Amino acid sequence: MEHKKIAVLSGDGVGPEVMAATLPVLERVGELFGRSFAFTSALVGGAAFDEYGEHLPQETIEVCRRSDAILFGSVGGPLAESDLPKWKGCETRSILALRKTFGLAANFRPATVYPQLEAISPLKRELVHQGIDLLIIRELQGDVYFGEHTLREEGGKRIARDTCEYSEDQIALVAHVAFQAAQKRRSRVTSVDKANVLHTSKLWRDVVREVHKGYPDVELEDMLVDNCALQLVKDPSRFDIIVTSNLFGDILSDLAAGLPGSLGVMPSASLNAQGFGLFEPSGGSAPDIAGKGIANPIAQILSASMMVRFAFGWSDEADAMDRAVVHALEDGARTADIFSGEGRCVSTAEMADAISRRLSTKGGGVRI
Ligand code: NAD
């Protein structure tokens, strides 16, 4: 029986609630497919601050180092308390520090619009029914975020400058990640840049094309970022994988996050060059609903499915989890964030249970 060690960092707000709902789903997957998981919990965010006086204690980093993957909940507190030491810099000192510690260079943000949830999607019904299942892969370690930032005065006027820099190694790494991910999906990559203006984008385009030569089974198209933003709203079903630089990815992935209608169904992953990664819901700690048992566990369960697929390479198990989510939605299970009058409104635990009961080894990959 193949065994995997998972560092479980539930964090704050709804994190512990959706995590508690997700671990039994993983255990059920293990039973069905002859896999086993060892979960080791560790503190992060405000929860760690209460215990250790810091947001990412060394002990937590060690638990992650000894594991095959990190399953992360969410961190952060209510806006009104953001000046308290417990919450100040909480996200930067936990998630960004983990990204840095483990060299997590590529961020995966899928956007799947479920036809069962068409009522909560801002898209037109016809678009939803074309099947929207895209994955945005964002480079995480380069771009304007890591360049020099200056503000100076000249002739009594303020002038600001942010430097954008990319090395070909940084681009090649994320391009390989994108083409390999495409081989596990529908084999289409759209590389997004602003090559009509920026030198970093010209290099991006050249390097992505060079790396593409090693993946002849994957189709590649280049697209300018402004057109990509338009197409994401006008014709989102045309995309399989979008690979792009840090800043463009930041903006485009938030645009795509709006398509399904709730953050409660949006998973994400951040991976390093060795395939080690951190898997977490795209949303935050949702303090407005924390402690009520009504948070949607789907984003956390789908993050676990991404872990199983991308960190462990177990596609059948991941397909079974993705399929079970679709079946539970077909059965009418809805947490409050996705309830629009149809089906039945369920709690966090009931939603996870509805998904668990629909897990099965039978059936192919789910592509809506
Ligand atoms: P948020 O994502 O926590 O919440 C935005 C909205 O989405 C809220 O209405 C919330 O109820 C809803 N929502 C989010 N997840 C949900 C779920 N699983 N089920 C149902 N509804 C869900 O964003 P925010 O309110 O701006 O931030 C709250 C805290 O989270 C802040 O402290 C912020 O810094 C932190 N944050 C953390 C992460 C992370 O841990 N990766 C990411 C973003 C924000």
Side-chain angles (χ1 to χ4, degrees), residues 8-22 25 42-49 55-56 60 70-100 102 104 107-109 111-112 114 117 120-122 138 140 250 253-254 256-270 277-304 306 325 328-329 333-340 345-352 354-355:
V8 176
L9 275 53
S10 303
D12 306 312
V14 296
E17 299 169 44
V18 291
M19 190 67 85
T22 297
V25 175
L43 293 173
V44 71
F49 191 89
H55 294 99
L56 182 65
T60 298
I70 305 168
L71 191 58
F72 193 96
S74 52
V75 292
L79 191 62
E81 295 177 17
S82 53
D83 280 341
L84 295 181
K86 176 174 175 175
W87 302 123
K88 217 171 182 172
C90 178
E91 245 185 284
T92 316
R93 293 196 188 108
S94 36
I95 302 176
L96 296 191
L98 278 167
R99 279 184 187 167
K100 201 167 165 207
F102 292 99
L104 306 176
N107 181 241
F108 284 37
R109 290 262 296 259
T112 304
Y114 296 96
L117 302 183
I120 62 160
S121 171
R138 165 186 170 197
L140 276 184
D250 192 358
S253 59
D254 269 21
L259 304 180
S262 170
L263 277 171
V265 298
M266 303 281 298
S268 81
S270 301
L278 180 148
F279 301 83
E280 57 167 338
S282 290
S285 59
D288 53 336
I289 55 165
K292 297 182 181 165
I294 59 168
N296 195 336
I298 289 180
Q300 189 76 64
I301 290 169
L302 292 176
S303 302
M306 291 182 80
V325 167
L329 293 175
R334 303 279 188 276
T335 41
D337 58 307
I338 55 173
F339 185 66
S340 59
C345 197
V346 300
S347 68
T348 307
E350 285 165 341
M351 177 58 101
I355 293 167

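Order of appearance sets the numbers: ligands from 1, and atoms from 1 within every ligand. In this text, all values refer to a predicted model and were calculated from it rather than measured experimentally. FYI, side chains are in, hydrogens and waters are out, and symmetry mates aren't considered; it's all heavy atoms of this structure.
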> What's the verdict on side chain to side chain contact (heavy atoms under 4.5 Å, CB included) for Leu98 and Leu9, showing C-alpha distance, side-chain angles and the deciding distance?
Replying inline: CA-CA 11 Å; Leu98 278 167; Leu9 275 53; 3.9 Å; yes
>> Please determine whether side chain to side chain contact (heavy atoms under 4.5 Å, CB included) holds for the pair Cys345 and Arg334, giving the CA-CA distance in whole Å, both sets of side-chain angles, and the decisive distance to 0.1 Å.
In response: CA-CA 5 Å; Cys345 197; Arg334 303 279 188 276; 5.6 Å; no
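- By the 4.5 Å heavy-atom criterion applied to side chains, Pro16 and Met19 are not counted as neighbours.
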>> Determine whether Leu84 and Lys88 satisfy the following criterion, side chain to side chain contact (heavy atoms under 4.5 Å, CB included), listing intermediate values before the conclusion.
In response: CA-CA 6 Å; Leu84 295 181; Lys88 217 171 182 172; over 6 Å; no
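- Between the side chains of Asp12 and Ser285, no donor-acceptor pair of N or O atoms lies under 3.5 Å.
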>> Pair Leu56, Arg93 - check side chain to side chain contact (heavy atoms under 4.5 Å, CB included), show working.
In response: CA-CA 7 Å; Leu56 182 65; Arg93 293 196 188 108; 5.9 Å; no
Between ligand 1 and the protein, tabulate every N or O atom pair separated by less than 3.5 Å, reporting distance only.
| unit_1 | atom_1 | unit_2 | atom_2 | d |
| --- | --- | --- | --- | --- |
| ligand 1 | 2 (O) | Gly284 | N | 2.6 |
| ligand 1 | 3 (O) | Gly284 | N | 3.4 |
| ligand 1 | 3 (O) | Ser285 | N | 3.3 |
| ligand 1 | 3 (O) | Ala286 | N | 2.7 |
| ligand 1 | 9 (O) | Asp288 | OD2 | 3.0 |
| ligand 1 | 11 (O) | Asp288 | OD1 | 2.9 |
| ligand 1 | 11 (O) | Asp288 | OD2 | 3.1 |
| ligand 1 | 18 (N) | Asn296 | O | 3.1 |
| ligand 1 | 19 (N) | Asn296 | N | 2.9 |
| ligand 1 | 30 (O) | Ser285 | N | 3.1 |
| ligand 1 | 30 (O) | Ser285 | OG | 3.3 |
| ligand 1 | 32 (O) | Gly77 | N | 3.2 |
| ligand 1 | 32 (O) | Gly77 | O | 2.8 |
| ligand 1 | 34 (O) | Glu91 | OE1 | 2.7 |
| ligand 1 | 36 (N) | Glu91 | OE1 | 3.4 |
| ligand 1 | 40 (O) | Val75 | N | 2.9 |
| ligand 1 | 41 (N) | Glu280 | OE1 | 3.1 |

